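In what follows, a single structure is set out as structure tokens and then discussed.
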Amino acid sequence: MTDLVRDHAETPRGDAVTRRSRVSPELAGPAGLVLAAAAEMTVPDDLDPQLWRDRAVLRAVENAWEAEDLVSVGALATGYDALLLYVPAAVGGALTLHPVGNAERRHRGAFSTPSVYADSLARRAIPALPGDGRLPTVVDPACGAGNLLRAALGRLLSLGVPPEDVIGALHGVDADPVAVSLCRSALAADLSLAGRPTDPAELELQILSGDGLSGGTPNQEAAGAGLTWHAAFPAVLDVEGAAPEPVTGWRGGFDVVVANPPWERLKVHARDWGGSIPTGLRDHRAGTARALRDAGRHPLTGAGELNAYLPFVETCWRLLAPHGRAALLVPAGIASDRSAARLLEALCAAGALDRLHLIEPRGPIFAGVSGRVGVAVVELDGGPSAAHTDVSAEVAVGLAGPDQPPGERAWQLPAHLLRVLNPNSGTAPLFASSIDATIVTQAHRRTPVLLRRDPAGGTPTDDPWKLRLVTPLHMTRDARHFRSGPGEGLVPLWEAKHCAMLDPNGGTATAPRYWVPREIVQERYGDLCDRGWLAGYRNVSTTVAPRTLLPAPLPVVAVGNSLPLISAERLPLLLAALSTLPVDYLLRQKHAGANVNFFKLEQVPVPPPEAYDRPCPWGEGTIADWVLERFARAVVWAPHLSGLVTELEEAGVKVSQDLDPDRIVTARAELDAAHAVLLGFDRVELTHLIGTFTALRRQDETRHGDFATSIRVLAAYDRLKPG
């Protein structure tokens, strides 16, 4: 969006226009109102532009009320997050809204919930009115300018609640006082338009400014200057005779919780803010993090490098009455991130997780936020005191929007299944269908994971491969060691973009960017170098790429952090297994986002080494002999892999460095088929799992006119397991 210009002399108050504007229609009106309000104000030369903008927003709301323009009041609230991208500025005798970037908006967590999501959350949280005729109490603990509370208001009106009664149902809290003022005004305007004339002042005791995370509770002293919830809303959270919530001691609870909490990490990294860290943000966030860790109010989420949305979700649950419902919009990482695992497991164990729908939008959900950011809609049924048992949550992955019926994508997640499928982390699997849920659950029950850890301490308890996963050189922290050209005593730096499947030189980059002193490499992973070759995998990938798990043998070089290193006693055999479609498929069921983290790889079912030591049913020798022969044909050989050649030949494998493409793809198909057999997949299951690689199918059809990979793998499977 370009600057918005208002000429003081030509534009009357309340009717601001723009000379140069490509503003989206929904912002053009609010921007004009804010500019008109800014022009009315006497502004000191040293006034902070952010403060000028805030005052102008509030003045614009006052002006709209005076003009009885209630629609504009609502529009100013809806457009508040976009207005934070600008500040007023006087340029050449005209007033303009000057773009200032996204930092202040992120600081305030002001990303208004789009109406399609707000309405969906309201319907999910309020499916019907209570049967006893009570008016349900509704709260948004991070209400911002009020989009979700306005949607809840609309939902209650649509269910027949009279406008004069609805006002008593609505409660909200936000740390941004400007947003709180807008929320009160927008709700008052909506109520007035619905037939119940309302002044914003009537909502001052229900829509409050404060930090909803760090205040004290009956069970904990305040660890910061936060909101004391039971004192602010005693009729809801200090109910005589009600059972106390186990952690906080709140007695009672809200019937309905709706929220789209801030998604920001509390630890401030300069790189995340493009050098434009808002003043005081670092100290404020550090104080909030200390309060969350120390108070004991968030035992499930108040640890580690905190992301604000997680303690908000925990707070939402603890605010919920035993019979209440919540509908929340949060990052998709709530399903697969380790930081969310304890909370997710507790919700499942209590039977509180009703639905977890992961949405992969076709475009951006929030203005200015990448469309690649996936979201989750979380529905909770009952607060911690409800303690339902033997309840499964409905999970659906890959929905296009909040109201898409899940259909065959839906599957049931009982609490015990978390530790079956992800025994180390307890994170949720990400099955795209009930068929995937069945296939993968059975695979986990047949085959051990690559590395099992004690869930409490994280120490290995079952490590058949003697696995090591090694983080190599960090591209930022170790940059001081990097050189821009080759030289004596330097080795090249390999990155993920240099590699492809079993191909150290098959990536999009053909030459290294940096060189590193050999002694640094030896110091960081010297014992790995002693083998004469290295192995790694690309940790930057997604489930929409043709392949997700891309391992490769490497020469003894420096390696960047996008290419984590793998070590094991029988490393060629492990590398062969990790290169196969069945193992890739199993990894995809626990992967979201862009990074294939160590903890995801460790929890993939992989046949243990002894499974390869049995006599081979398809040829002479052992299964290991057969697999290593195909592995030697599947590698795209390069002269610098002589260490791997030596190791294979010492194991009795003849290595021909023939790079015939047909020979390579045939060997890879045979490895895929063999590991389907080793993992216990029948032909129907193998056909299904190959079919989930839709990008690989499209790639094959473009190149060959058919799904050549599937045809080759299934033909190889039929040869290995006839009938």
Side-chain angles (χ1 to χ4, degrees), residues 109 111 113 117 120-121 124-125 141-142 148 213 257-266 292 298-320 325-361 365-366 369 372-381 384 392-399 402 406 409-411 413-415 417-419 421-422 424-432 542-543 589-595 597 599-600 603:
F111 292 85
T113 311
Y117 282 87
S120 179
L121 291 179
R124 290 168 182 253
L148 279 172
L213 294 181
V257 179
V258 289
N260 169 21
W263 296 9
E264 291 288 344
R265 289 185 299 173
L266 294 184
L292 293 179
H298 303 90
L300 302 173
T301 57
E305 190 167 326
L306 298 171
N307 188 309
Y309 88 88
L310 285 171
F312 263 112
V313 173
E314 184 171 356
T315 292
C316 289
W317 185 34
R318 301 197 187 285
L319 287 171
L320 201 60
R325 284 192 63 81
L328 318 174
L329 185 66
V330 296
I334 193 168
S336 60
D337 290 350
R338 278 184 299 180
S339 57
R342 291 185 64 207
L343 173 63
L344 190 72
E345 193 167 14
L347 292 173
C348 288
L353 184 64
D354 186 34
R355 290 189 182 94
L356 175 61
H357 287 180
L358 274 65
I359 297 170
E360 297 174 1
I365 294 176
F366 304 105
V369 179
R372 293 176 295 177
V373 176
V375 302
V377 175
V378 176
E379 292 183 58
L380 305 180
D381 186 7
S392 296
E394 178 189 275
V395 182
V397 177
L399 302 179
R409 291 183 178 274
W411 52 276
L413 175 65
L417 204 58
L418 292 171
R419 289 292 174 179
L421 298 167
N422 284 310
N424 301 341
S425 65
T427 48
L430 299 174
F431 304 134
T542 68
T543 55
Q589 311 309 310
K590 37 191 107 247
H591 176 55
N595 293 319
N597 309 93
F599 81 92
K600 297 174 185 175
Q603 297 178 108

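Please read these numbers as outputs of a predicted model, since none were measured by experiment.
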Between Asn422 (side chain) and Thr427 (backbone), is there a donor-acceptor pair under 3.5 Å? yes
Distance-only, no hydrogens or angles: does the Asn260 side chain make a donor-acceptor pair with backbone N or O of Phe111 under 3.5 Å? yes
Rounded to the nearest 0.5 Å, what separates atom NZ in Lys600 from atom CG in Asp337? 7.0 Å
Considering residues at least two apart in sequence or located in another chain, which fulfil the salt bridge (Lys or Arg N to Asp or Glu O under 4.0 Å) criterion with Arg342? none
Derivation and outcome, side chain to side chain contact (heavy atoms under 4.5 Å, CB included), residues Arg325 and Asp354: CA-CA 9 Å; Arg325 284 192 63 81; Asp354 186 34; 3.2 Å; yes
List for me each residue that meets side-chain contact (heavy atoms from CB on, under 4.5 Å) alongside Ala340, sequence neighbours excluded, and say none if there are none. Tyr309, Leu310, Ile334
Please report the closest heavy-atom contact between Ala125 and Ala326, naming both atoms and the distance. CB-C, 4.4 Å
Test side-chain hydrogen bond (donor to acceptor under 3.5 Å, both in side chains) applied to His357 and Glu379, Arg409, Glu394, the passing residue: Glu394
For Leu418, is there any backbone N or O sitting under 3.5 Å from a side-chain donor or acceptor partner on Glu345? no
Heavy-atom closest pair, residues Pro406 and Ala396: CB-CB, 3.7 Å
Distance in Å, Leu380 CG paired with Leu356 CG, rounded so as to fall on 0.5 Å steps: 10.0 Å
Out of Val375, Leu329, Val397, which one pairs with Ile359 under the side chain to side chain contact (heavy atoms under 4.5 Å, CB included) rule? Val375
Might you point out which heavy atoms bring Ala142 and Phe312 nearest each other, and give the distance in Å? CB-CE2, 3.8 Å
Which heavy atom of Leu319 sits nearest a heavy atom of Pro141, and at what distance? CD1-CB, 4.2 Å
About how many Å separate CH2 of Trp411 and OG of Ser392, when rounded to the nearest 0.5 Å? 10.0 Å
Minimum heavy-atom distance Ala327-Arg124, with the two atoms named: CB-CB, 4.0 Å
Could you measure the distance from the CG atom of Leu344 to the CG atom of Leu353? Nearest 0.5 Å is fine. 6.0 Å
With no hydrogens and no angle check, is any side-chain donor or acceptor of Arg355 less than 3.5 Å from a backbone partner on Val377? no
State whether the side chain of Glu314 and the backbone N or O of Thr301 hold a donor-acceptor pair below 3.5 Å, judged by distance alone. yes
If only atom types and distance count, is the side chain of Lys590 paired as donor or acceptor with the main-chain N or O of Gln603 below 3.5 Å? yes
Validation row: Leu417, Pro429 side chains within 4.5 angstrom (heavy atoms): no
Has the side chain of Arg318 got a donor or acceptor atom that lies under 3.5 Å from a matching backbone atom of Val313? no
Taking every non-hydrogen atom, the tightest pair across Ser336 and Leu430: CB-CD1, 4.1 Å
Distance (rounded to the nearest 0.5 Å) between Asn597 CG and Arg338 CZ: 6.5 Å
